[in-house]
Number of protein chains: 2
Amino acid sequence: MGKRSDAIASEIKSWIVEQNLTPGHHLPQEKDLIEYFSSAKSTVREAIKVLQAQGLVTTRTGPGGGAFVTEIPQEKALSLLSNYFYFKDLSIKDIYQLRRQLEPEMAASLCGNLDAHDLERLKTAITIYSSPIATQEEEYQQRLNELVFHEVLADLNPNPLLSFVCRFLLSLLKNLDFCHKIYQKPNPELFDTGRYYQMALYDALVMKDRDKVRHLMQKHMLAAEKIMLERERELKSNLQ
Amino acid sequence: MGKRSDAIASEIKSWIVEQNLTPGHHLPQEKDLIEYFSSAKSTVREAIKVLQAQGLVTTRTGPGGGAFVTEIPQEKALSLLSNYFYFKDLSIKDIYQLRRQLEPEMAASLCGNLDAHDLERLKTAITIYSSPIATQEEEYQQRLNELVFHEVLADLNPNPLLSFVCRFLLSLLKNLDFCHKIYQKPNPELFDTGRYYQMALYDALVMKDRDKVRHLMQKHMLAAEKIMLERERELKSNLQ
DNA sequence: AGATATTTGTTCGTATGTATT
DNA sequence: TAATACATACGAACAAATATC
């Protein structure tokens with residue numbers, strides 16, 4: 001891979017680590033990079049574009065503008081990672097094998113570390129999806145709102161790794177084609193058990209009963225997986 | 001974000017999903033893309049460069065060349081994701097909170113699904129790091145070889161998600177700055193317990209004793225975490 | 001508020017490198 | 001070996017965005 005622009009991109013990237021550049025630092029301007037690498041404008045621009053596509057830098061026009069080192073937004077990282085799994089053909093079983101392990105740990109580790117405001121966020125996340133359903137479109141929205149509770153839990157967790165992986169699993173449930181189809185069908189069973197567990201989890205979090213939180217989330221995940229697997233089976237048999 | 005090249009990149013990306021293009025499909029040639037988007041050469045090239053940086057396409061020169069849809073290599077996905085955590089300041093605790101949950105599940109789910117060849121791979125992974133240590137440099141190599149066993153386990157696992165996350169945790173242990181430092185110091189305790197657990201795990205996998213596998217890996221992770229946390233503490237106090 | 005200067009973004013034409021036939 | 005088809009690199013002119021006065 002002797003491509004010049006790629007070489008420039010990786011050299012600039014190694015600047016960032018070697019000089020310990022932090023978000024906000026600005027890289028040399030285009031014209032200086034052109035001179036430094038003695039390359040053409042387009043070539044340098046392609047190099048910057050690579051870094052931009054990976055989320056490492058952002059650019060601004062105008063005086064004082066240029067390319068700035070940036071902290072990759074979570075959304076960007078989620079979308080970059082989902083590309084990797086696009087051709088991997090994930091199943092409900094695959095996703096829940098991780099959720100079963102991680103969601104209980106995440107909820108438990110949060111126990112006792114939530115202030116009143118955090119608990120309030122969780123409460124509103126639950127109420128969002130308690131409202132009655134009118135149209136078919138709202139049906140699907142309810143399925144998504146069901147996940148909001150878990151998204152809030154992930155947001156509140158101080159472990160960036162755990163938080164990210166859980167959010168990624170949630171994004172798969174939201175965006176994966178077959179999950180999309182599963183969620184589009186009415187699913188009162190999933191709705192009822194989901195709501196029950198979320199309310200019970202909220203109470204246990206208020207009580208700071210860590211073991212109960214963990215245990216409830218384990219049961220919640222097992223129940224959700226069971227229902228989702230059934231829907232997945234139905235979906236597959238309908239296709240044949 | 002009204003940038004033309006980004007808009008072109010995301011339109012091409014949506015072609016890939018809408019037309020269900022699979023790895024190997026080739027996109028229109030540069031000149032056709034230029035015509036289709038009625039944009040300049042450099043602009044279209046920057047768009048392709050974005051997709052390339054994200055691993056979605058690769059390009060080839062020469063007749064029959066062009067941009068081809070590709071399956072993102074695992075290495076590429078690992079490196080893209082590690083960018084996200086570069087500024088996140090992860091700790092041993094963060095990493096092991098996930099390893100504690102996932103490694104036992106991974107090993108257990110493998111139990112009974114390994115053929116003779118797979119077991120052979122595991123065995124050689126263990127023996128790699130049993131050889132005696134001569135130089136200081138080999139000391140560090142030994143620390144890395146210790147992880148090879150877990151990498152093989154991840155490779156063998158049929159769940160792409162579980163496999164990827166475990167590999168990512170391993171790549172953090174290898175590449176993160178402070179882990180690097182921890183691993184550079186002699187650590188006979190980590191070495192001995194590691195080797196003990198890996199051999200015990202191998203035996204349990206041969207015996208297809210799933211509960212024992214899970215239990216051993218849980219203890220292995222707890223032991224490793226304990227030692228790593230101590231080293232991390234030492235390192236931090238040395239810096240002050 | 002408006003003009004200006006600065007910096008990235010886009011255009012276009014040309015030349016070079018590389019793999020296929 | 002030569003011809004062809006394609007990406008890659010070059011460079012100068014122009015457009016758009018934005019901070020400053």
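Below, chain A is the first sequence line, B the second, and so on; all start at residue 1.
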Q) In whole angstrom, what separates B/E30's CD from C/dC12's P? A) 15 Å
Q. Which parts of nucleotides 11-21 of chain D does protein reach within less than 4.0 Å, heavy atoms only, written one letter per nucleotide 5' to 3' as B for base, S for sugar-phosphate only and - for none?
A. B-----BBB--
Q) Could you give the CD-to-C1' distance, from A/Q52 to C/dT8, as a whole number of Å? A) 10 Å
Q.
B/S91: which residues meet the side chain to side chain contact (heavy atoms under 4.5 Å, CB included) condition with it, sequence neighbours left out?
A. B/K93, B/D94, B/E232
**Q.** ring pair (Phe, Tyr, Trp, His ring centres under 6.0 Å) involving A/Y183 - partner list, sequence neighbours excluded
**A.** none
Q) Hey, is the side chain of B/S5 poking within less than 4.0 Å of OP1 or OP2 on C/dG9, counting only N and O atoms? A) no
Q) What residue pairs, at least two apart or across chains, pass ring-ring contact (aromatic ring centres under 6.0 Å, His included) with a residue in residues 42-73 of chain B? A) B/H26-B/F68
Q) Which residues satisfy the side chain to side chain contact (heavy atoms under 4.5 Å, CB included) test with A/L156, sequence neighbours excluded? A) A/L110, A/L114, A/D118, A/R121, A/L122, A/V152
Q.
Could you check whether any side-chain N or O of B/S82 sits under 3.5 Å from a backbone N or O of B/S79, counting only pairs where one atom can act as donor and the other as acceptor?
A. yes
Q) Starting at CZ of B/F37 and ending at C1' of C/dT10, how long is that distance when rounded to a whole Å? A) 16 Å
(Q) Rounded to whole Å, please give me the gap between NZ in B/K3 and C1' in C/dT11. (A) 18 Å
Q) Please give, in whole Å, the distance from C/dT14 C1' to B/K31 NZ? A) 17 Å
Q: Could you check A/K49 against A/G65 and say which one's nearest nucleotide on DNA chain C is further toward the 5' end?
A: A/G65
Q | Rounded distance in Å - CG (A/L33) to C1' (D/dC10) | A | 16 Å
Q: For B/R99, check salt bridge (Lys or Arg N to Asp or Glu O under 4.0 Å) against everything at least two apart and list the hits.
A: B/E103
Q) Is there a donor-acceptor pair under 3.5 Å between the side chain of B/N113 and the backbone N or O of B/S109? A) yes
Q. What's the CD-C1' distance between B/E35 and C/dT11, to the nearest Å?
A. 16 Å
Q | Sugar-phosphate, base or nothing in reach of A/Q29, heavy atoms under 4.0 Å | A | sugar-phosphate
Q: Using whole Å, report how far CZ of A/R45 lies from P of D/dT8.
A: 17 Å
